[in-house]
Amino acid sequence: MRVFLPSLLLAVLAAACSSVPGTGRSQVNFMSAGQEMKMGAQAYTEMLAEERVITTGPDAEMVRRIGERIARSATELLPESDAKRFRWEFKLIDSPETANAWALPGGKTAVYTGLLAITQDEDSLAAVMGHEIAHATSHHGAERVSHNMLLQLGMLGASFSMKDMDPDERNGYMMALGVGSNVGVMLPFSRSHESEADEVGLMLAAHAGYNPEAAIGLWQRMGAASSGAPPEFLSTHPSPGTRIERLRALMPEANKLYQASKER
């Protein structure tokens, strides 16, 4: 068992290894694009069933317009991605108290009306929607599921290796492993997804013709609106200050894409 389990893990990891479109980072993904799309479509139906969706008016049209432009940008800028296969949809949800947006695997995307007071203009909303769409094109949801599976398998192996221990002592070790894996592995892993989505999303929005500089002001406003957030090392998201610093470093490349889009 002790020899077989590591060998099995290595074989599974090798078979499930792929690259993230736009960054080239290696990722572990046990799910096919078809499985992701099915999972996303099911979750989308369930989530919208509990919300009031706005289908007409300038804000709903703005969300659709931005989404369609960025989705088209994804097929052009990331030809190696599954963006062409996605069944894109872009909805505006009536929830003035919720400043949020999301994109599910397969391209099902929603924006809450509470976010519009913070974004304030189309370029800033495009930065948010580009970020969320990048989560979908980067297969972050499937990667997170895959890593959870590996983590559970690792915990099972650890529990088996301590089978001869005193039960109370083993439970203490397993609890410590659970906390350590969350703070030391899963939270940084989640923050790396957010940073990657910031990067890819910024490029997608710029390629679609939206001014990338708007992302700086957006995250400054986000930072002002999120006072009292937990320390970065205990959070699933980078702090607004960290995001702004990284976005500034990416801005020369994004501005090139933006200028090229205007020439097109």
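Note that the structure is a prediction, hence the values are computed from the model and not measured.
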Main chain of Ser192, side chain of Ser195: is a donor-acceptor contact present, judged purely on distance under 3.5 Å? no
Okay, side chain of Asp123, backbone of Asn211: is any donor-acceptor separation there less than 3.5 Å? yes
Salt-bridge test for Arg65 and Glu122: reply yes if a basic N is under 4.0 Å from a carboxylate O, no otherwise. yes
Using the rule that Ile, Leu, Val, Met, Phe, Trp and Tyr join whenever any side-chain heavy atoms are under 4.5 Å apart, tell me whether Leu104 and Met37 fall into a single cluster. no
Could you please spell out the steps behind the side-chain contact (heavy atoms from CB on, under 4.5 Å) verdict for His139 and Val20? CA-CA 8 Å; His139 304 287; Val20 176; over 6 Å; no
Heavy-atom pair of closest approach, residues Met203 and Leu250: CE-O, 3.7 Å
Can you check side-chain contact (heavy atoms from CB on, under 4.5 Å) on Ile216 and Met251, steps first, answer last? CA-CA 10 Å; Ile216 304 299; Met251 208 54 67; 3.9 Å; yes
Has the side chain of Asp121 got a donor or acceptor atom that lies under 3.5 Å from a matching backbone atom of Ser124? yes
Quick one: does Ile133's side chain get under 4.5 Å of Phe90's, heavy atoms only? yes
Can any side-chain N or O of Arg221 pair as donor or acceptor with the backbone N or O of Ile118 at less than 3.5 Å? yes
Check the hydrophobic clustering (I, L, V, M, F, W, Y; side-chain heavy atoms under 4.5 Å; chains of links allowed) and say if Trp102 and Leu116 are grouped together. no
Report the C-alpha distance between Thr23 and Val200 in whole Å, list the side-chain angles of each, state the deciding distance to 0.1 Å, and finish with yes or no for side-chain contact (heavy atoms from CB on, under 4.5 Å). CA-CA 7 Å; Thr23 66; Val200 176; 3.7 Å; yes
I want to check something: taking the side chain as every heavy atom from C-beta on, are Thr242 and Ser239 in contact at a cut-off of under 4.5 Å? yes
Just wondering, are more than 12 heavy atoms of other shown residues or ligands nearer than 6.0 Å to CD in Glu253? no
Mind checking whether His140 and His193 have parallel, tilted or perpendicular rings, split at 30° and 60°? parallel
Checking the side chain of Arg69 only, and the main-chain atoms of Ala208 only, is there a donor and an acceptor separated by less than 3.5 Å? yes
Just by distance, with hydrogens left out, do Glu194 and His131 show a side-chain donor and acceptor under 3.5 Å apart? yes
Grab the two heavy atoms, one from Thr137 and one from Ala74, that are nearest each other, plus how far apart they are. CG2-CB, 4.2 Å
For a side-chain contact (heavy atoms from CB on, under 4.5 Å) check, start with the C-alpha distance between Met31 and Met39, then their side-chain angles and the critical distance, and finish with the verdict. CA-CA 10 Å; Met31 300 180 69; Met39 179 180 70; 3.9 Å; yes
Within the 4.5 Å heavy-atom criterion, are Leu115 and Leu125 side-chain neighbours or not? yes
For a quick test of reading the model, state the closest non-hydrogen atom pair linking Ala215 to Ala127 and the distance between them. CB-CB, 4.0 Å
Beyond-backbone contact of Glu143 with Arg25, side-chain heavy atoms, under 4.5 angstrom: yes
Flag side-chain contact, heavy atom, 4.5 Å: Leu204 against Leu77: yes
In this structure, CG of Leu48 is separated from OG1 of Thr45 (nearest 0.5 Å) by 7.0 Å
Flag yes if Leu92 and Tyr44 sit in one hydrophobic cluster, no otherwise; membership is Ile, Leu, Val, Met, Phe, Trp, Tyr, and two members link when side-chain heavy atoms are under 4.5 Å apart. no
Out of curiosity, Met47 CE to Gln42 CD, how far, rounded to the nearest 0.5 Å? 12.5 Å
Taking only Lys NZ, Arg NE, NH1 and NH2, and the carboxylate oxygens of Asp or Glu, determine whether Glu51 and Lys91 approach each other closer than 4.0 Å. no
What is the distance from atom CD of Glu68 to atom OG1 of Thr109, rounded to the nearest 0.5 Å? 11.0 Å
Nearest heavy-atom approach of Gly106 to Phe86 is O-CB, 3.1 Å
With a 4.5 Å cut-off on side-chain heavy-atom distances among I, L, V, M, F, W and Y, is there a chain of contacts connecting Tyr112 to Met129? no
Heavy atoms of Ala103 and Ala136 approach each other most closely as CB-CB, 4.5 Å
Quick check: are there more than 12 heavy atoms from other residues, nucleotides or ligands sitting under 6.0 Å from CD of Gln35? yes
For a quick check under 3.5 Å, do Glu76 and His207 share a side-chain donor-acceptor pair by atom type? yes
Just by modelled atom types, is the Ala134 backbone N or O under 3.5 Å from a matching donor or acceptor in the Ser138 side chain? yes
Side chains of Thr113 and Ile93 in contact at under 4.5 Å (non-hydrogen atoms): no
Tell me whether Arg64 contacts the main-chain N or O of Thr55 through its side chain, where contact means a donor paired with an acceptor under 3.5 Å. yes
Test item: Ser81 side-chain N/O and Pro21 main-chain N/O as donor-acceptor pair under 3.5 Å: no
If you take all heavy atoms of Gly223 and Pro240, which pair is closest and at what distance? CA-CG, 3.5 Å
Ring-face cation of Lys256 near Tyr258 (centre distance under 6.0 Å, axis angle within 45°): no
Can you find a pair of side-chain heavy atoms, one from Asp94 and one from Val53, that are under 4.5 Å apart? no
Donor-acceptor check, side chain of Trp88 to backbone of Ala83, threshold 3.5 angstrom: yes or no? yes
With a 4.5 Å limit on heavy-atom distance, are the side chains of Glu132 and Val111 in contact? no
